[in-house]
Amino acid sequence: MKYLKVIAFTHKQIDLKDLGKFVICNESLESSLESVRRKFDIPEIFYIGTCNRVEFVFTADQNLSNEFVREFIQALNLPVSDEQVQAFADQVSIYEDVEALNHLLRISCSLESLVVGEKEILAQVRKAYDTCRLAGFTGDYLRLVMNRVVKTSKEVYTNTAIARKPISVVSLAYRKLRELKMCTQSRILIIGAGETNKNISKYLKKHKYSNFTIFNRTLQNAQVLADELGGKAYGLDALKTFKDGFDVIITCTSATEPILTNEIYNSLLNTDTSRKVIVDLAVPNDTSPEVLDNNPVTFIEVHSLQEIANSNLQERYEELIFAERIIEDNILEFKPVLKQRRVEIAMRDVPVKIKEIRSAAVNRIFADEIEGMDSNSREVLERVMNYMEKKYISLPMVMAKDILIKNS
């Protein structure tokens, strides 16, 4: 495993704005990787690029010194000056041998992510590897490494609670809504067309909710979201005169004063006295306290959701010890797998040589004797040779693997 290397630029050492300089676009990925592969005689390499990390996973004989990293960065032909190259080389994280595999397993299991338990990182790593594999940058060694990465990650996500409880306010808000068992035809008013409301509306649309009305200060932005949801768009002032009724209000704006005043809420009710749902994800709240005091409302707000999110996040961190144990077990399992593969590669010519020996014996050395045999004798000889051939191919392979593992 000593040839496995990782050079990592992450949010832990480098400002996210500077990290963006290491992101390689698809158009130049092959030329950048080919450049470092030629310069350092690297047999296999792949590149991982996410919003908070850029990593290069490769095989090499060289030790990863500061000088190597500096030359590696320069070979990528990135838009950075010589002074920046040296600064980044000083900030980089490098991993070799078992530490490199441990690091790969940790990031793929989200233990190194900004949010522990987020599964997206595994998909990102697999996609990055597949892109470079299809481009011809990886081979048998990194194939084995990635098989172990995927196996370990699946075990962590399956056998621990590290990803089971949502920790984003949006996903928690949606879960609360689902618990209320609302009809998919429920009339949903969305106040604000920002990122938070876009995200929660994606959950709703995915689960077949379809009756949306969007209000926003900028009508154009409301229209964009309305088009995505198949709903109607209005300016924020239209709240005062809207009379089509509602079952749920989802609000998140940057206003410093309540948007949903008691007067506007009563106007929206339009004499309806049934219990309504308000999801208020704004800080400070968009909903006036009077609305809650004077009306039957199921109120879901950001502060209570954040407390749940923090609690869930703490529970995720408590699962780290179990995840790390799974990683350790997989590293121990992987060592003999690598050794066995080395034996297989070293001895892959054995079957060819044995078949050549058989062919020479049948067609040249003993050709005359075999020609003089009757058909039954030839059939028996053929069966004996087939049996011996299989044994001469399989037994040395098995013995070599056992010897290598026992003596390591």
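For clarity, every value in this text was computed on a predicted model and none was experimentally measured.
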**Prompt:** Should the pair Arg164-Glu319 be classified as a salt bridge under the 4.0 Å nitrogen-to-oxygen rule?
**Reply:** no
**Item:** ring pair (Phe, Tyr, Trp, His ring centres under 6.0 Å) involving Phe137 - partner list, sequence neighbours excluded
**Value:** none
**Item:** Note: Glu155-Lys151 ion pair, threshold 4.0 Å (strictly below)
**Value:** yes
**Asked** Are the charged groups of Lys205 and Glu228 less than 4.0 angstrom apart, N to O?
**Response** no
**Prompt:** Can a salt bridge be assigned to the pair Lys2 and Glu96 using a cut-off of 4.0 Å between side-chain N and carboxylate O?
**Reply:** no
**Prompt:** Can we call the ring centroids of Tyr209 and Tyr203 under 6.0 Å apart?
**Reply:** no
**Arg378 and Glu382 ion-paired at < 4.0 Å** = no
**Request:** Give me the one residue out of Glu328, Glu55, Glu324 that meets salt bridge (charged side-chain N to carboxylate O under 4.0 Å, His left out) with Arg106.
**Result:** Glu324
**Request:** Would you please classify the geometry between the Phe22 ring and the Phe88 ring as parallel, tilted or perpendicular, with 30° and 60° separating the classes?
**Result:** perpendicular
**Minimum-distance pair of heavy atoms, taken over all atoms of Val36 and Ile42** = O-CD1, 3.9 Å
**Request:** Using a strict 4.0 Å threshold on nitrogen-to-oxygen distance, state whether Arg70 and Glu67 make a salt bridge.
**Result:** yes
**Request:** State, with a plain yes or no, whether a side-chain heavy atom of Val145 is found less than 4.5 Å away from one of Leu101.
**Result:** yes
**Prompt:** Who are the ring pair (Phe, Tyr, Trp, His ring centres under 6.0 Å) partners of Tyr47, not counting sequence neighbours?
**Reply:** Phe56
**Request:** May I ask you to establish whether Lys276 and Phe246 are in a cation-pi arrangement, using a distance under 6.0 Å from NZ or CZ to the six-membered ring centre and at most 45° from the ring axis?
**Result:** yes
**Prompt:** Would you call Asp247-Arg187 a salt bridge at under 4.0 Å N-O?
**Reply:** yes
**Prompt:** Taking the side chain from Ser304 and the backbone from Glu301, do they hold a donor-acceptor pair closer than 3.5 Å?
**Reply:** yes
**Request:** Flag this pair as yes if the NZ/CZ of Lys5 is under 6.0 angstrom from the six-membered ring centre of Tyr95 and inside a 45 degree cone about the axis; otherwise no.
**Result:** no
**Asked** Closest heavy-atom contact between Thr253 and Ile191?
**Response** CG2-O, 3.8 Å
**Asked** So, Asp140 and Arg143, do they make that salt bridge, N to O below 4.0 Å?
**Response** yes
**Message:** Could you work out, with ring pair (Phe, Tyr, Trp, His ring centres under 6.0 Å) as the rule, every residue matching Phe215, not counting sequence neighbours?
**Reply:** Tyr234, Phe242
**Closest contact, heavy atoms only, Val279 versus Ala173** = CG1-CB, 4.1 Å
